[in-house]
Amino acid sequence: KAGVTQTPRYLIKTRGQQVTLSCSPISGHRSVSWYQQTPGQGLQFLFEYFSETQRNKGNFPGRFSGRQFSNSRSEMNVSTLELGDSALYLCASSLGPYEGNTIYFGEGSWLTVV
Amino acid sequence: GNSVTQMEGPVTLSEEAFLTINCTYTATGYPSLFWYVQYPGEGLQLLLKATKADDKGSNKGFEATYRKETTSFHLEKGSVQVSDSAVYFCALYNYGQNFVFGPGTRLSVLP
């Protein structure tokens with residue numbers, strides 16, 4: 001079956017703009033989590049959604065937000081982009097926090113802020 | 001809280017050398033333990049996992065044993081190849097909680 005799909009794969013934005021990234025989980029998976037990966041900070045947890053509800057949130061400013069739809073697809077949004085937001089944004093899906101203990105990652109969305 | 005510590009590297013080895021990447025964890029209860037691998041320009045892929053003490057996960061020649069007494073899950077491979085060059089992440093999962101990842105270890109294998 002298809003894996004986790006993230007779109008777009010690459011994008012370039014200007015400081016001050018906003019961006020929306022999309023994630024389609026593996027069929028049947030209801031939990032989606034987002035991570036930011038940068039060379040200096042490693043892999044940092046952004047948030048997790050399950051059944052359209054945010055379960056957990058990492059230590060990021062309010063400019064970072066997300067949502068999950070009834071079909072489990074998820075989007076994350078970053079407003080008022082800063083240069084430091086340049087990163088690889090990874091989405092991962094799983095059956096659910098109480099139903100499975102393995103998460104599967106997408107290929108990621110490479111965001112460059114200029 | 002839960003945490004994962006692993007050697008950050010980079011680790012540079014010659015082809016066919018023996019690989020060990022250390023991983024230790026702190027967690028309550030009985031977490032599941034994982035190794036993920038990230039090849040250049042790609043997302044993370046599950047390499048292997050173990051769900052209870054003394055379990056051994058294995059895949060593609062890599063192995064790791066869940067040692068509860070030493071809270072460790074060290075990754076080993078007997079003979080590395082150039083194609084194993086990647087970043088390796090140790091991770092843990094506790095029931096109902098988030099995954100927790102280590103900082104990653106970059107491995108470079110030279111021909």
Side-chain angles (χ1 to χ4, degrees), chain A residues 2-7 9-10 21 23-26 29-51 53-60 66 87-110 112, chain B residues 1-10 21 23 25 27-53 55 57-59 64 66 73 86-108:
Chain A
V4 178
T5 304
Q6 291 188 245
T7 57
R9 287 295 317 278
Y10 304 92
L21 308 178
C23 173
S24 293
I26 292 171
H29 284 194
R30 296 193 293 154
S31 177
V32 172
S33 47
W34 289 89
Y35 295 81
Q36 181 196 65
Q37 187 178 28
T38 59
Q41 298 295 320
L43 199 63
Q44 293 190 286
F45 172 74
L46 279 157
F47 25 66
E48 181 197 2
Y49 287 87
F50 175 68
S51 293
T53 301
Q54 187 180 87
R55 287 190 67 243
N56 288 296
K57 189 177 194 303
N59 189 25
F60 278 82
L88 175 65
Y89 290 87
L90 292 165
C91 169
S93 77
S94 71
L95 289 170
Y98 303 104
E99 299 174 64
N101 64 4
T102 302
I103 60 173
Y104 298 89
F105 285 84
E107 298 272 297
S109 292
W110 289 92
T112 301
Chain B
N2 301 324
S3 67
V4 174
T5 303
Q6 63 178 109
M7 51 194 293
E8 294 201 29
I21 301 178
C23 171
Y25 69 90
T28 56
Y30 302 92
S32 296
L33 302 174
F34 303 79
W35 279 100
Y36 283 82
V37 58
Q38 185 178 33
Y39 298 103
E42 299 182 10
L44 277 68
Q45 301 176 24
L46 176 66
L47 180 60
L48 53 85
K49 70 178 184 181
T51 57
K52 61 183 187 295
D55 267 2
S58 61
N59 186 24
Y66 188 164
F73 193 55
V87 181
Y88 292 82
F89 292 89
C90 185
L92 73 80
Y93 167 81
N94 247 331
Y95 183 75
Q97 301 177 30
N98 293 333
F99 263 71
V100 175
F101 286 87
T105 300
R106 181 174 299 280
L107 170 66
S108 294

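Every value quoted in this text rests on a predicted model; they were computed, and no experiment measured them. Chain naming here is simple, since letters A, B, ... match the order of the sequence lines and numbering starts at 1 in each.
- For B:Y30, the OH atom counts as loosely surrounded, since its 6.0 Å shell holds 12 or fewer non-hydrogen atoms of other residues, nucleotides or ligands.
- Using a 4.5 Å cut-off between heavy atoms, A:E48 contacts chain B through its side chain alone, with no backbone atom that close.
- Using a 4.5 Å cut-off between heavy atoms, B:L44 touches chain A through backbone and side chain atoms alike.
- Side-chain contact between B:F34 and A:I103 is absent, with no heavy-atom pair separated by less than 4.5 Å.
- The environment of CZ in A:R9 is crowded: more than 12 heavy-atom neighbours from other residues, nucleotides or ligands sit within 6.0 Å.
- Counting heavy atoms from C-beta on, the side chains of A:Q37 and B:V87 never come closer than 4.5 Å.
- Residue B:F99 comes nearest to A:T102 through the heavy atom pair CZ-CA, 4.0 Å, listed as atom of the first residue, atom of the second, then distance.
- When heavy atoms are compared at a cutoff of 4.5 Å, B:E8 does not approach chain A at all.
- In this structure, CZ on A:R55 lies 9.0 Å from CD on B:Q97, to the nearest 0.5 angstrom.
- Here the closest heavy-atom approach between residue B:E42 and residue A:L88 is recorded as O-CD2, 4.3 Å.
- Going from atom OH of A:Y35 over to atom CZ of B:F101 covers 4.5 Å, rounded to the nearest 0.5 Å.
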